[in-house]
There are 2 protein chains.
Amino acid sequence: MRKISESTVRRLSVYLGLLEEFARLGKATVSSDEMAQRGHTTPAQVRKDLSFFGSFGKRGLGYDVVELSDRLRDILGLGRTYRVTVIGAGKIGSALVQYREFGERGFHIVSVYDNDEAKVGRSWNGVEVRDVRQLESDLRTEPVDIAILAIPPHVAQQTMDLLVGIGVKAVLNFAPIRLSHPDEVTVQNVNMALELETLSYALRNS
Amino acid sequence: MRKISESTVRRLSVYLGLLEEFARLGKATVSSDEMAQRGHTTPAQVRKDLSFFGSFGKRGLGYDVVELSDRLRDILGLGRTYRVTVIGAGKIGSALVQYREFGERGFHIVSVYDNDEAKVGRSWNGVEVRDVRQLESDLRTEPVDIAILAIPPHVAQQTMDLLVGIGVKAVLNFAPIRLSHPDEVTVQNVNMALELETLSYALRNS
DNA sequence: TACTGTGAAGAACTTCACAGCA
DNA sequence: TGCTGTGAAGTTCTTCACAGTA
């Protein structure tokens, strides 16, 4: 398939959220115009994004809400559940373990790791915190689909390398550092300080 | 000044981080090539990004680490401190209040608000949790530069509207919903479920 | 008729390539 | 000589505009 841009994928995810809301409101059908307004984009963008994957609408009518939701879930790979591990039992790790939206979307946090003996063994939201030294052997016997890094920057790269060695193919990184990784591993970064800095830039130049 | 793209601003922020590391290592001078390697971009991109703001380098030599850091801090508006409020004293709010990088960058969290009586009055990392009903009068007497929304999606828009009314010009939104807002208000979104969904897409299509 | 699907045009962003300067 | 600064070329992303159809 033609390479799809990351912005398109992100918008698809937004569209799915909108469609689920339309479904809750009992709407059966929706136009690209309505989706664009609620999703802060343009109707042409909505149609173009969808057109990369097929023709899901009916001319003159719009899109069937349920059908398009199903197709988007399929495209995004959300028709299954994912096993997720959180590495780092600090404040951010803690917030993630309890983050509702993850479970609702099929992302199940199956383990949490930390190097702090004081935390190891405690139960967090039903998930036991394990010693990070067990990480490698654990993941080899019970693989996960996605690892979330919620650890300090100075240990992030070595942990990334470990995960790559184990064969993890998707990582969500909260450490404020760009990680080196092979092409076949997908990494998404969340850098909160960087978000504040773009706000700072906007405030200064407005 | 010519409109600068958001991707450029984000990279400037990354460059600044790199420069601070180079400074710690005692490096006096750095080339666009070195920055590109460490920042996972290209030398031409580095030079082009910087060129929008002036000529900071010396041909044949590179950039002075300290001087360029100073210029970037200035460009990004980081030569001052910012007053920040966190709205929502849940797990995410809690993580943010203790997030070191914010303070290091000059973003000072001066207050936390919640609507849960049980939380109001408690002290968090030296910041007292206040009743959200005080938010409006508090911010009118003691304005903040940035508000961080760490609240459930169904109350996010009304809170956004309140903030706009009070005159807040920059918002970092953690609620998984696109907020409507006037153009003069800058909003950055952090949507963690959406990040996992882009990983899901990548896993499915690899 | 009302809306989709899509080539083609346009805009934005990135990379190239080289003149110019320390 | 070595690396910057920058127009120009190339690429990617967005918007336009309209033919096509339920």
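Just so we're on the same page: letters track the sequence lines, and every chain starts at 1. Values reported hereafter were calculated over all heavy atoms of this structure, with side chains retained and with hydrogens, waters and symmetry mates removed.
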Legend entry - Distance below 4.0 Å between A/Gln45 side-chain N/O and D/dC13 OP1 or OP2: no

Legend entry - Interatomic distance where CD belongs to B/Glu34 and P belongs to D/dC3 [whole Å]: 8 Å

Legend entry - Residue closer to the 5' end of DNA chain D, B/Pro43 versus A/Thr41 (nearest nucleotide): B/Pro43

Legend entry - Atom-pair distance (CG on A/Asp33; P on C/dT4), nearest Å: 8 Å

Inset, instruction - Can you tell me the distance, in whole Å, between the CZ atom of A/Arg11 and the C1' atom of D/dT12? - result: 12 Å

Inset, instruction - Please confirm whether the backbone N or O of B/Ser137 pairs with a side-chain atom of B/Thr141, one donor and one acceptor, at under 3.5 Å? - result: yes

Legend entry - Nucleotide D/dT15, atom P - distance to CZ of A/Phe52 in whole Å: 12 Å

Legend entry - N or O in side chain of B/Thr42 less than 4.0 angstrom from C/dT15 OP1/OP2: yes

Legend entry - Any donor-acceptor N or O pair under 3.5 Å, side chains B/Asp33, B/Gln37: no

Legend entry - Short side-chain N/O contact to D/dT14 OP1/OP2 from A/Arg47, under 4.0 Å: no

Legend entry - Of B/Leu19, B/Leu78, B/Leu68, the residue whose pairing with B/Arg73 passes side chain to side chain contact (heavy atoms under 4.5 Å, CB included): B/Leu78

Inset, instruction - From the options D/dC16, D/dT4, C/dT4, select the nucleotide whose nearest atom is closest to the side chain of B/Ser32. - result: D/dT4

Legend entry - Integer-rounded Å distance: C/dA12 P and B/Arg10 CZ: 19 Å

Inset, instruction - Check whether any side-chain nitrogen or oxygen of A/Tyr63 sits under 4.0 Å from OP1 or OP2 of C/dA2, and answer yes or no. - result: no

Inset, instruction - Give a yes or no on whether A/Arg178 atom CZ has more than 12 heavy-atom contacts from other residues, nucleotides or ligands under 6.0 Å away. - result: no

Inset, instruction - Take the angle between the ring planes of B/Phe107 and B/Tyr82 and call it parallel below 30°, perpendicular above 60°, tilted in between. - result: parallel

Inset, instruction - Ignoring backbone atoms, establish whether B/Ser31 has a side-chain N or O less than 4.0 Å from OP1 or OP2 of D/dC3. - result: no

Legend entry - Charged N-O contact under 4.0 Å between B/Glu136 and B/Arg140: yes

Inset, instruction - Rounded to 10°, tell me the angle between the two end axes of the helix from C/dT1-D/dA22 to C/dA22-D/dT1, each built from five pairs. - result: 10°

Legend entry - Protein-nucleotide distance (A/Glu6, atom CD; D/dT11, atom P), rounded to Å: 22 Å

Legend entry - A/Asp49 CG - D/dC16 P separation (whole Å): 15 Å

Inset, instruction - Only one of B/Glu21, B/Glu34, B/Glu20 passes salt bridge (Lys or Arg N to Asp or Glu O under 4.0 Å) with B/Lys27; say which it is. - result: B/Glu34

Legend entry - Distance in angstrom units between B/Leu68 CG and D/dT4 P, rounded: 11 Å

Legend entry - Contact nearer the 5' end of DNA chain D, comparing A/Arg59 with B/Lys48: B/Lys48

